[in-house]
2 protein chains.
Amino acid sequence: MELSCKSEYALLALLELTAHYDEGEPLQIRQIAAQQNIPDRYLEQLLATLRRAGLVRSQRGAKGGYLLGREPWKITLLEVINCIEGLDSQPSEVMREPKSVEGMVVREIWQEAGRAADAVLQKYTLKDLAEKRDARRQLDIMYYI
Amino acid sequence: MELSCKSEYALLALLELTAHYDEGEPLQIRQIAAQQNIPDRYLEQLLATLRRAGLVRSQRGAKGGYLLGREPWKITLLEVINCIEGLDSQPSEVMREPKSVEGMVVREIWQEAGRAADAVLQKYTLKDLAEKRDARRQLDIMYYI
DNA sequence: AGTATACCCCGGTTCTCCACTGGGGTTTTG
DNA sequence: CAAAACCCCAGTGGAGAACCGGGGTATACT
């Protein structure tokens with residue numbers, strides 16, 4: 001399980017949108033990028049991908065920005081990484097055909113392992129992640145005292 | 001879960017060694033490479049790595065070659081991929097520190113997903129893989145008739 | 001002994017992909 | 001109408017994967 005920079009940035013950005021979900025006002029790319037230490041021009045591309053998948057909504061023009069496309073407890077981590085990592089990694093898997101029986105069997109095991117990992121990512125939502133973060137923050141304060 | 005070329009080659013080679021495990025005579029790189037369509041000079045490097053980890057034994061000189069280091073049912077797929085993929089991928093994970101609380105939480109979830117995938121790879125041994133291959137071969141024959 | 005056949009070690013090369021940057025648009029608010 | 005934001009497309013630099021090659025060393029067979 002490799003966590004690509006892309007996926008991490010996307011999750012951090014969505015987590016930031018989750019934190020401000022109740023306010024109902026859009027968050028700007030600049031603010032998200034500054035808060036999470038993400039290159040803003042790069043984040044722009046990721047948000048565009050997330051928008052096409054409906055995970056975020058955008059509001060154009062001055063005072064514009066981004067909002068979550070759905071409630072935070074209805075967006076799973078699996079959706080996010082499938083959206084971000086999905087399109088370009090699938091053709092590379094398809095193009096190299098297993099060509100031998102051994103290859104087929106190996107692939108099947110790999111798919112089983114992948115499904116096991118996906119199951120974990122599917123049971124967590126953005127809300128879960130935000131709650132975990134809050135709990136972690138409380139812990140940090142206690143240790144500080 | 002990406003299956004790298006390296007890992008697949010290593011598994012196919014070990015599977016070939018498993019098939020000839022009872023004979024007790026070493027298999028040469030050339031034979032393995034030809035049988036599984038692997039570039040032989042590349043396979044050489046992978047076998048060297050597997051040898052340093054004790055997963056295979058080598059016999060030098062004429063009539064030399066490679067043998068499994070242990071019984072096929074005592075080698076798990078997880079060991080193999082950790083051996084092959086392990087050393088160079090870990091420093092890249094360590095070097096980028098999470099730096100934010102959000103980053104930490106995301107990493108933890110990712111590790112949980114990784115452990116779920118590893119659990120699958122750990123429950124399969126080379127013997128299991130060889131049996132799966134044989135069962136698949138039988139199926140192919142039945143469909144052919 | 002000598003030679004052919006294997007493994008062994010180290011380095012280089014090519015190619016692809018990721019992370020990132022930049023230039024120009026278009027839409028909306030004030 | 002101008003500033004602020006999103007939008008689209010294209011390019012670049014570096015790292016790593018896949019692969020190739022040269023030269024060495026150990027061992028079996030004759």
Side-chain angles (χ1 to χ4, degrees), chain A residues 2-13 17 25-34 36-53 55-67 69 81 84-96, chain B residues 2-13 17 25-34 36-53 55-69 81 84-96 103:
Chain A
E2 84 303 346
L3 172 59
S4 74
C5 219
K6 251 167 131 174
S7 298
E8 183 169 7
Y9 286 164
L11 285 175
L12 292 179
L17 290 177
E25 293 181 1
L27 262 184
Q28 292 144 24
I29 289 184
R30 292 274 190 74
Q31 298 177 15
I32 303 174
Q36 297 289 341
N37 275 55
I38 304 173
D40 50 356
R41 300 296 260 128
Y42 192 41
L43 179 59
E44 192 180 324
Q45 297 175 4
L46 302 180
L47 286 172
T49 304
L50 293 174
R51 185 181 58 83
R52 279 186 280 271
L55 294 175
V56 299
R57 293 183 291 128
S58 68
Q59 186 170 324
R60 301 185 64 160
K63 290 274 183 179
Y66 286 92
L67 298 122
I81 63 107
I84 288 295
E85 222 80 19
L87 297 176
D88 42 332
S89 61
Q90 280 167 1
S92 67
E93 299 261 2
V94 176
M95 69 170 296
R96 35 165 157 160
Chain B
E2 86 300 348
L3 172 58
S4 76
C5 218
K6 253 166 130 173
S7 298
E8 183 169 8
Y9 286 164
L11 285 174
L12 292 179
L17 290 178
E25 293 180 0
L27 262 184
Q28 292 144 23
I29 290 184
R30 293 273 190 73
Q31 298 176 14
I32 304 174
Q36 296 290 342
N37 274 57
I38 304 174
D40 49 356
R41 302 297 259 132
Y42 192 41
L43 178 59
E44 194 180 321
Q45 299 175 1
L46 303 180
L47 286 172
T49 304
L50 293 173
R51 185 182 59 81
R52 280 186 278 271
L55 294 175
V56 298
R57 293 183 292 128
S58 69
Q59 186 170 324
R60 300 185 64 158
K63 289 274 183 180
Y66 285 92
L67 298 123
L68 282 186
I81 63 107
I84 287 294
E85 221 80 18
L87 296 176
D88 43 330
S89 62
Q90 279 167 3
S92 68
E93 299 261 1
V94 175
M95 70 169 296
R96 33 166 154 161

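We name chains A, B, ... by the order of the sequence lines, and we start the count at 1 in each one.
- For the pair B:Y66 and B:P26, the minimum side-chain heavy-atom distance is 4.5 Å or more.
- A:T49 OG1 to A:K6 NZ: the interatomic distance, rounded to the nearest 0.5 Å, is 7.0 Å.
- With a 4.5 Å cut-off on side-chain heavy atoms, A:L67 and A:L17 do not count as touching.
- Heavy-atom distances to DNA chain C give each of A:A62 and B:R51 a nearest nucleotide, and the one nearer the 5′ end belongs to B:R51.
- Across the protein-nucleic acid pair, A:E25 atom CD and C:dT29 atom P stand 13 Å apart, rounded to whole Å.
- Below the 3.5 angstrom threshold, one finds a donor paired with an acceptor across the side chain of B:E44 and the base of C:dC9.
- Mapping A:G64 and A:R41 onto DNA chain D by nearest heavy atom places A:G64 at the nucleotide closer to the 5' end.
- When distances run from any side-chain atom of A:R52 to the nucleotides D:dC8, C:dA19, D:dA18, the shortest one goes to D:dC8.
- In this structure, B:L43 places its CG atom 14 Å from C1' of D:dC20, rounding to the nearest Å.
- Taking the nucleotide of DNA chain C with the nearest heavy atom to each of B:Q31 and B:A48, the more 5' of the two is matched to B:Q31.
- Here B:Y42 does not reach the OP1 or OP2 of D:dG21: none of its side-chain N or O atoms lies under 4.0 Å away.
- We find that CD1 of B:I38 is positioned 13 Å from P of D:dC20, with the value rounded to whole Å.
- Whole-Å rounding puts the A:K6 NZ to C:dC20 P distance at 12 Å.
- Closest heavy-atom contact between B:L46 and B:A10: CD1-N, 4.3 Å.
- Put simply, CG on A:L46 is 15 Å from C1' on D:dC6, counting in whole angstrom units.
- Look at A:S58 and you'll find a side-chain N or O under 4.0 angstrom from OP1 or OP2 of D:dC7.
- Protein atom CD of A:E8 is 16 Å distant from nucleotide atom C1' of C:dC20, rounded to whole Å.
- Rounded to an integer number of Å, the gap from CG of A:L47 to C1' of D:dC8 is 15 Å.
- The side chain of B:Y9 contributes an N or O atom lying less than 4.0 Å from OP1 or OP2 of D:dC19.
- The side chain of A:P39 lies closest to C:dT21 when the candidates are C:dT21, D:dT25, D:dC6.
- The distance from atom CD of A:E8 to atom CD1 of A:I84, rounded to the nearest 0.5 Å, is 12.5 Å.
- Between B:D40 atom CG and C:dA6 atom P there is a gap of 12 Å when expressed in whole angstrom units.
- At a cut-off of 3.5 angstrom, counting only N and O atoms as typed in the model, there is a donor on one side and an acceptor on the other between the side-chain of B:Q45 and the base of C:dG11.
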